[in-house]
Every structure is written in C-alpha cells, then in structure tokens.
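Written below as structure tokens is the structure these notes are about.
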Amino acid sequence: MKRIFMSALLLACAALASAAAPSPSPVAKIEAMLAKPKLLCGRFEQSKQLTGMKKALLSNGRFCVAAGKGVLWRTLTPFPNTLRLTRDEIVHFQGERVTTRLDAKTEPVVKMINSVLFSLLAGDLGQLDKLFEVDGTVDGANWQVALKAREPALAKAIGAIRLDGGAYVKHIEISEASGDRTAIVFSAIQTGEAAMTAEEAALF
C-alpha cells in the first residue's frame with residue numbers, strides 16, 4: 001500500500017509539468033513558465049535510497065499525463081509494472097493483470113492523492129495551497145519549488161518535496177519522514193497525440 005501511495009505522490013508531482021503553480025510571486029512567475037499541454041509523455045529515471053541500505057534502488061520507464069483522464073506511470077526495469085490514476089481510482093497492473101484497485105469513494109488515502117493530482121492538473125491553486133506550504137525561486141529560464149505538506153497524514157508519508165525545471169519538470173526529490181529519499185529525472189518529453197503509444201492509450 002505504501003509503495004502505491006508513494007508512486008501516486010510522485011505522479012502528482014510529475015503532473016506539475018502540465019499544471020499551474022501556486023502564487024504569490026515569485027511562484028506566479030513559474031506558472032507563466034510552465035507549458036500546459038493536454039497530453040504529455042516522457043521517460044523517467046528513478047533512484048530510491050532506503051535508510052540502512054548502501055545501494056540505491058534504480059528503476060526507469062515511461063509516464064504520461066493526460067488532462068481530464070489521469071496519469072500513467074509505467075516502470076519498465078527492473079520489473080515491469082504499471083500504475084494508472086484517474087479521478088475515481090488508482091489501479092496497479094502487472095502486465096495486463098490488475099493486482100490492486102483502490103476506489104476513491106471508499107479509500108480516504110486515494111481521495112487525498114487524487115485531490116493533489118487533479119488540483120495540479122486543473123490548476124486548483126486553492127486546494128494545493130491547503131495541502132502544501134509552497135516556496136519557489138526563479139533563475140532565468142529555470143525554477144525551483146519546495147513543497148512541505150500541511151496535512152498530518154501527508155506529512156507522515158513525506159517530509160518534503162523539491163522540484164526544478166523550466167517549461168517542464170526536470171527533477172524531483174522526495175524526502176520521506178522515515179529518512180528514505182527518492183530522486184527522479186525526467187527526459188525525452190513529448191506532447192500531443194503522437195506522444196502516447198497505442199498500448200498506453202489502451203490502458204486509459
């Protein structure tokens with residue numbers, strides 16, 4: 001459950017690439033810098049450092065953010081699996097088989113995750129500001145944002161989130177309250193209908 005929860009939070013942060021950032025200034029400047037395509041796909045490289053372990057856990061794959069539909073997070077290596085978030089549910093796939101399905105109506109944590117995700121996608125600044133303390137800086141064509149959870153349940157799972165980028169999010173760092181750290185680098189960003197493969201479109 002925690003793995004799905006954290007993956008969903010990463011997706012919510014990745015969705016900043018297609019959403020407005022909270023104001024006031026200088027974060028308002030970041031809002032103007034961000035591209036807001038209806039469909040965005042790309043690659044990710046993820047490194048997770050667990051407390052007490054010397055070697056980081058590495059994974060990579062593809063992600064897609066589709067406005068009005070949700071987010072697809074496809075880990076390709078070391079173990080293929082897919083996570084799909086929509087407004088109503090979170091679904092975890094192993095191949096084509098559904099292994100976990102969490103309904104937002106019955107699972108409070110799903111409702112909270114989706115609240116974060118879709119507030120980002122829709123630019124619901126009021127909702128985002130309720131959940132996070134936001135601090136942003138701009139340096140030329142680049143920006144940095146720090147998010148600190150306000151909600152106790154969210155703060156218990158994650159200590160802080162840092163993002164940086166330009167027109168899109170390039171890098172995310174999540175520091176969990178447990179001491180675990182996750183870093184994600186995004187690349188090969190594409191927008192428009194051609195960005196999504198037929199297989200990915202079928203999963204939506």
Side-chain angles (χ1 to χ4, degrees), residues 1-22 34-44 46 59-76 79-132 147 149 151 153-154 157-158 161 163 165 168-169 172 174 182 184 186 188-204:
M1 177 66 186
K2 184 179 179 183
R3 178 167 58 84
I4 293 176
F5 179 75
M6 288 308 302
S7 296
L9 284 172
L10 296 177
L11 290 172
C13 294
L16 270 172
S18 61
L34 286 167
K36 302 174 182 65
K38 292 183 178 180
L39 179 62
L40 177 148
C41 296
R43 292 192 56 82
F44 70 85
Q46 178 174 309
S59 61
N60 64 69
R62 278 179 54 82
F63 73 97
C64 287
V65 180
K69 290 186 177 181
V71 183
L72 204 63
W73 187 267
R74 301 178 65 207
T75 300
L76 301 177
F79 305 108
N81 66 82
T82 300
L83 194 69
R84 183 188 70 202
L85 283 83
T86 64
R87 186 172 297 279
D88 299 321
E89 62 182 5
I90 297 175
V91 181
H92 184 251
F93 298 87
Q94 288 286 358
E96 297 181 356
R97 184 171 64 91
V98 174
T99 58
T100 308
R101 187 185 299 271
L102 302 176
D103 192 315
K105 294 180 181 178
T106 57
E107 298 281 351
V109 68
V110 176
K111 186 175 181 180
M112 180 171 63
I113 291 169
N114 285 1
S115 178
V116 175
L117 172 63
F118 286 98
S119 65
L120 289 168
L121 286 170
D124 187 348
L125 311 186
Q127 182 64 31
L128 190 62
D129 189 51
K130 291 177 183 177
L131 295 174
F132 294 99
L147 302 175
E151 297 288 333
L154 204 55
I158 54 172
I161 303 173
L163 310 94
Y168 306 104
V169 173
I172 294 174
I174 293 184
T182 300
I184 305 177
F186 297 100
I189 301 296
Q190 293 180 295
T191 61
E193 295 300 323
M196 182 182 289
T197 66
E199 181 182 2
E200 290 164 345
L203 288 170
F204 270 119

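The structure presented is a predicted model; accordingly, all values stated were derived computationally and were not measured. In what follows, residues are counted from 1 in the order of the sequence shown.
Using modelled atom types, no side-chain atom of T86 and backbone atom of G70 make a donor-acceptor pair closer than 3.5 Å. In this structure, N81 contributes its side chain and F79 its backbone to a donor-acceptor pair below 3.5 Å.
Here the closest non-hydrogen pair linking D103 and D88 is OD1-O, 3.6 Å. Of all heavy-atom pairs spanning E200 and C64, the tightest one is OE1-SG, 3.5 Å. Considering all non-hydrogen atoms of both residues, R62 and M196 come closest at NH2-CA, 4.5 Å. When every heavy atom of R84 is checked against every heavy atom of F93, the shortest pair comes out as NH1-CZ, 3.7 Å. Summarising the geometry of G61 relative to L76, their closest heavy-atom pair is CA-CG, 3.7 Å, with the distance given to 0.1 Å.
Distance CD1/I184 to CD1/I174: 6.0 Å, rounded to 0.5 Å. Distance CG/L203 to CG/L83: 11.0 Å, rounded to 0.5 Å. In this structure, CZ in F63 is found 3.5 Å from CD1 in I189, a value given to the nearest 0.5 Å. Of the inter-residue distances, the one linking H92 atom NE2 with T82 atom OG1 reads 7.5 Å to the nearest 0.5 angstrom. With rounding to the nearest 0.5 Å, the separation of CD in Q46 from CD1 in I172 is 9.5 Å. Atom CD of E89 sits about 9.0 Å away from atom CG of L102, to the nearest 0.5 Å.
Taking E199 as the reference, R74, T197 meet the side chain to side chain contact (heavy atoms under 4.5 Å, CB included) condition, with sequence neighbours excluded.
Between K38 and E193 no salt bridge is recorded (no basic side-chain N to carboxylate O distance below 4.0 Å).
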